[in-house]
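Only one structure is covered here, and it is reproduced in the block below.
Predicted, not measured: the structure shown is a model, and the values here were computed from it.
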Amino acid sequence: QVQLVESGGGLVQAGDSLRLSCAASGRTFSTYGFGWFRQGPGKEREFVGGISSNWNGGRTVYADSVKGRFTISRDNARNRVYLQMNSLKPEDTAVYYCATAPRMVVSTTPVDYWGQGTQVTVSS
């Protein structure tokens, strides 16, 4: 079975940076897309960003709220997906979830596996 394990969350101040990591197993990593979602306190789970499979060119897509601040990357040799988060804002506070889908993750619809999530808290 596919397993996704997130790590790298923590408590930071506004303007700080964090790098989240998603370790994937049980899947041919390079042939699937991955993405990140987040769910803040009192909010619904929302799309953060996604990266397509290598077969689909490794394209990246970001939510407007994080564009220019967050960067998704993948390391196919290590079966890892990363979310580099810079210039963090208090509104970025949320549990961040890694997800995977056959081609690309841009919404919850195609997601077939989810990680357990990692907490990111940004204080002002």
Taking side chain to side chain contact (heavy atoms under 4.5 Å, CB included) as the test, write out the residues that go with Gln39, two or more places apart.
Arg45, Tyr97

Kindly write out the residues that satisfy side chain to side chain donor-acceptor pair (under 3.5 Å) with Glu46, not counting sequence neighbours, or none if the list is empty.
Arg38

Nearest heavy-atom pair of Ser52 and Gly57: which atoms, and what distance?
OG-C, 3.9 Å

Between Thr100 and Gly33, is there a donor-acceptor pair closer than 3.5 Å when you use the side chain of the first and the backbone of the second?
yes

Reported CZ-to-CG distance for the pair Arg27 and Asp112, which is rounded to 0.5 angstrom:
4.0 Å

Value rounded to 0.5 Å, distance of CG in Leu4 from OG in Ser25:
7.5 Å

For Thr109, side chain to side chain contact (heavy atoms under 4.5 Å, CB included) partners two or more places apart
Ser107

From Leu20 atom CG to Trp36 atom CH2, the distance as rounded to the nearest 0.5 Å
4.5 Å

Nearest 0.5 Å please: distance from the NZ atom of Lys43 over to the OG1 atom of Thr93.
8.5 Å

Looking at residues at least two apart in the chain, or sitting in another chain, which of them share a salt bridge (charged side-chain N to carboxylate O under 4.0 Å, His left out) with Lys67?
Asp64

Looking at Gly8 and Leu18, what are the two nearest heavy atoms and their distance?
O-CD2, 3.7 Å

Establish whether Val2 and Phe34 are linked, either directly or via other cluster members, by ILVMFWY side-chain heavy-atom contacts under 4.5 Å.
yes

Considering all heavy atoms, the nearest Ala101-Tyr32 contact
O-CD2, 3.3 Å

If you group Ile, Leu, Val, Met, Phe, Trp and Tyr by side-chain heavy-atom gaps below 4.5 Å, do Met104 and Val111 land in one group?
yes

Not counting sequence neighbours, list each pair that qualifies as a disulfide (SG to SG under 2.5 Å) and has a residue in residues 61-124.
Cys22-Cys98

Rounded at 0.5 Å granularity, tell me how far CD1 in Ile72 sits from CD in Gln84.
12.0 Å

Exercise: identify the closest heavy-atom pair between Ser17 and Asn86
OG-OD1, 2.9 Å

Path from Val81 to Val61 over hydrophobic side-chain contacts below 4.5 Å:
no

Kindly write out the residues that satisfy salt bridge (charged side-chain N to carboxylate O under 4.0 Å, His left out) with Glu91, not counting sequence neighbours, or none if the list is empty.
none

Determine whether Ile51 and Phe29 fall in the same hydrophobic cluster, where Ile, Leu, Val, Met, Phe, Trp and Tyr are linked whenever their side-chain heavy atoms lie under 4.5 Å apart.
yes

Could you note down all residue pairs passing salt bridge (charged side-chain N to carboxylate O under 4.0 Å, His left out) where residues 68-85 supplies at least one of them, sequence neighbours left out?
Arg69-Asp92

With sequence neighbours left out, what residues match Phe37 under ring-ring contact (aromatic ring centres under 6.0 Å, His included)?
Phe47, Trp114

Using modelled atom types only, decide if a donor and an acceptor are shared between the side chain of Gln116 and the backbone of Glu6 within a distance under 3.5 Å.
no

Grouping I, L, V, M, F, W and Y whenever their side-chain heavy atoms are under 4.5 Å apart, do Val95 and Val66 come out in a common cluster?
no

Taking only residues two or more places apart in sequence, or in another chain, which ones meet Thr60 in a side chain to side chain donor-acceptor pair (under 3.5 Å)?
none

Hey, can you pull the donor-acceptor pairs under 3.5 Å for the side chains in residues 117-124, sequence neighbours left out?
{"unit_1": "Thr118", "atom_1": "OG1", "unit_2": "Gly9", "atom_2": "N", "d": "3.2"}
{"unit_1": "Gln119", "atom_1": "NE2", "unit_2": "Ala94", "atom_2": "O", "d": "3.4"}
{"unit_1": "Gln119", "atom_1": "NE2", "unit_2": "Thr121", "atom_2": "OG1", "d": "3.2"}
{"unit_1": "Ser123", "atom_1": "OG", "unit_2": "Val12", "atom_2": "O", "d": "3.4"}

Output all residues satisfying ring-ring contact (aromatic ring centres under 6.0 Å, His included) with Tyr113, sequence neighbours left out; order by chain, then residue number.
none

Just to verify, what does Tyr62 make a ring-ring contact (aromatic ring centres under 6.0 Å, His included) with, not counting sequence neighbours?
none

Between CG of Asn76 and OG1 of Thr28, what distance do you get to the nearest 0.5 Å?
11.0 Å

